[in-house]
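None of the values given here were measured: they were computed from a predicted structure. One-based numbering, in listed order, for ligands and for the atoms of each.
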Amino acid sequence: MLRILVLHGPNLNLLGTREQSIYGTLSLEVLNRAITKLAKELPVEVKQCQSNSEGELVTWIQEARTRYDGIIINPAAYTHTSVAIRDAIAAVGLPTVEVHLSNIHQREEFRHRSFIAGVALGQITGLGPTGYLLALRGLHDHLIASRLQKMAPPPVASQRRAKGTRPSRSRFNDRTVSEGSIE
Ligand code: DQA
């Protein structure tokens with residue numbers, strides 16, 4: 001089963017009580033429950049973690065390399081400051097979706113810049129808690145598509161171009177494949 005790590009950055013533990021006009025009234029616990037519910041339907045395995053510490057988030061991202069297939073992250077205020085989180089995401093190379101509850105582009109200018117967006121698969125901003133659910137579906141679909149792509153035989157034209165191979169019929173399907181490309 002696909003495994004996805006969901007990371008919540010600083011102050012998101014205060015969701016539900018924090019600046020309700022911007023972030024709404026849903027608590028982090030209720031949000032995590034909604035993520036878990038969708039994860040069961042897809043199905044994917046999810047783990048949610050929240051930290052107020054940049055270093056802890058970096059460590060979790062590093063550890064995800066061998067344990068997870070993708071990451072969903074709301075880096076909160078670190079979005080706008082953290083080269084360390086950006087570098088960690090680039091280093092592990094896992095497809096990562098950046099989520100924000102509020103629309104960071106409509107807010108103060110210092111929130112318009114994201115250090116994360118340049119290394120993310122995509123960014124969802126301004127859709128409230130639904131953004132996390134869309135991120136989960138999107139990342140799931142992306143991971144499934146890349147798994148299928150890895151399993152698919154290479155296109156016939158590129159096999160013909162490959163040196164020393166002669167096209168033949170596969171034992172497993174009707175497509176023409178190069179000898180030796182399928183065991
Ligand atoms: C946030 C937006 C950030 O600018 C802010 O610092 C947060 C939350 C969001 O989800 O809208 O803490 O990431």
Side-chain angles (χ1 to χ4, degrees), residues 2-42 44-65 67-143:
L2 291 171
R3 290 157 305 167
I4 292 176
L5 178 65
V6 180
L7 295 178
H8 304 287
N11 299 310
L12 293 173
N13 52 317
L14 301 181
L15 279 184
T17 57
R18 170 193 187 200
E19 296 177 277
Q20 290 184 344
S21 59
I22 299 172
Y23 300 114
T25 52
L26 210 71
S27 68
L28 185 61
E29 198 192 328
V30 174
L31 171 60
N32 279 338
R33 259 191 265 140
I35 294 170
T36 304
K37 184 170 175 278
L38 176 62
K40 281 187 185 140
E41 287 166 24
L42 284 171
V44 297
E45 200 179 300
V46 282
K47 180 167 160 96
Q48 297 107 327
C49 303
Q50 188 277 330
S51 180
N52 294 326
S53 147
E54 183 178 19
E56 194 161 33
L57 291 163
V58 167
T59 300
W60 288 337
I61 293 165
Q62 289 180 6
E63 289 172 355
R65 195 176 64 80
R67 299 180 191 169
Y68 293 92
D69 300 296
I71 299 173
I72 293 170
I73 184 168
N74 182 346
Y78 290 137
T79 307
H80 321 296
T81 62
S82 182
V83 177
I85 291 178
R86 178 196 172 101
D87 284 353
I89 292 169
V92 300
L94 291 175
T96 297
V97 180
E98 175 188 352
V99 175
H100 299 283
L101 294 154
S102 63
N103 183 342
I104 57 173
H105 304 290
Q106 273 181 354
R107 298 183 63 193
E108 303 95 319
E109 198 152 343
F110 69 85
R111 295 186 203 273
H112 296 181
R113 181 168 70 165
S114 165
F115 278 92
I116 312 306
V119 292
L121 176 66
Q123 183 195 62
I124 299 176
T125 185
L127 298 181
T130 305
Y132 285 87
L133 306 181
L134 294 172
L136 189 57
R137 279 189 193 281
L139 188 51
H140 164 270
D141 290 359
H142 171 84
L143 291 169

(Q) Given 3.5 Å as the limit, does a donor-acceptor pair link the side chain of Ser27 with the main chain of Gly16, or not? (A) no
(Q) Quick one: does any side-chain atom of Tyr78 pair with a main-chain N or O of Asn52 as donor and acceptor, under 3.5 Å? (A) yes
Q: Applying side chain to side chain contact (heavy atoms under 4.5 Å, CB included), name anything that partners Gln106, two or more places apart in sequence or on another chain.
A: Asn103
Just distance, no hydrogens or angles: give the donor-acceptor pairs under 3.5 Å from side chains in residues 128-143, sequence neighbours left out.
residue	atom	partner	partner atom	Å
Tyr132	OH	His8	ND1	3.4
Tyr132	OH	Asn74	ND2	3.1

For residues 81-98, run the donor-acceptor check on the side chains, cut-off 3.5 Å, and write out each pair with its distance to 0.1 Å, sequence neighbours left out.
residue	atom	partner	partner atom	Å
Ser82	OG	Glu54	OE2	2.5
Ser82	OG	Ala84	N	3.4
Ser82	OG	Ile85	N	2.9
Arg86	NH1	Phe115	O	2.9
Thr96	OG1	Leu94	O	2.9
Glu98	OE1	Ser114	OG	3.2
Glu98	OE1	Ala117	N	3.1
Glu98	OE2	His100	NE2	2.6
Glu98	OE2	Ser114	OG	2.9
Glu98	OE2	Gln123	NE2	3.2

Q | Test side-chain contact (heavy atoms from CB on, under 4.5 Å) applied to Arg67 and Leu5, step by step | A | CA-CA 9 Å; Arg67 299 180 191 169; Leu5 178 65; over 6 Å; no
Q) Using a 4.0 angstrom limit on heavy atoms, which residues are close to ligand 1? A) Arg18, Tyr23, Asn74, Ala76, Ala77, His80, His100, Leu101, Ser102, Ile104, Arg107, Arg111
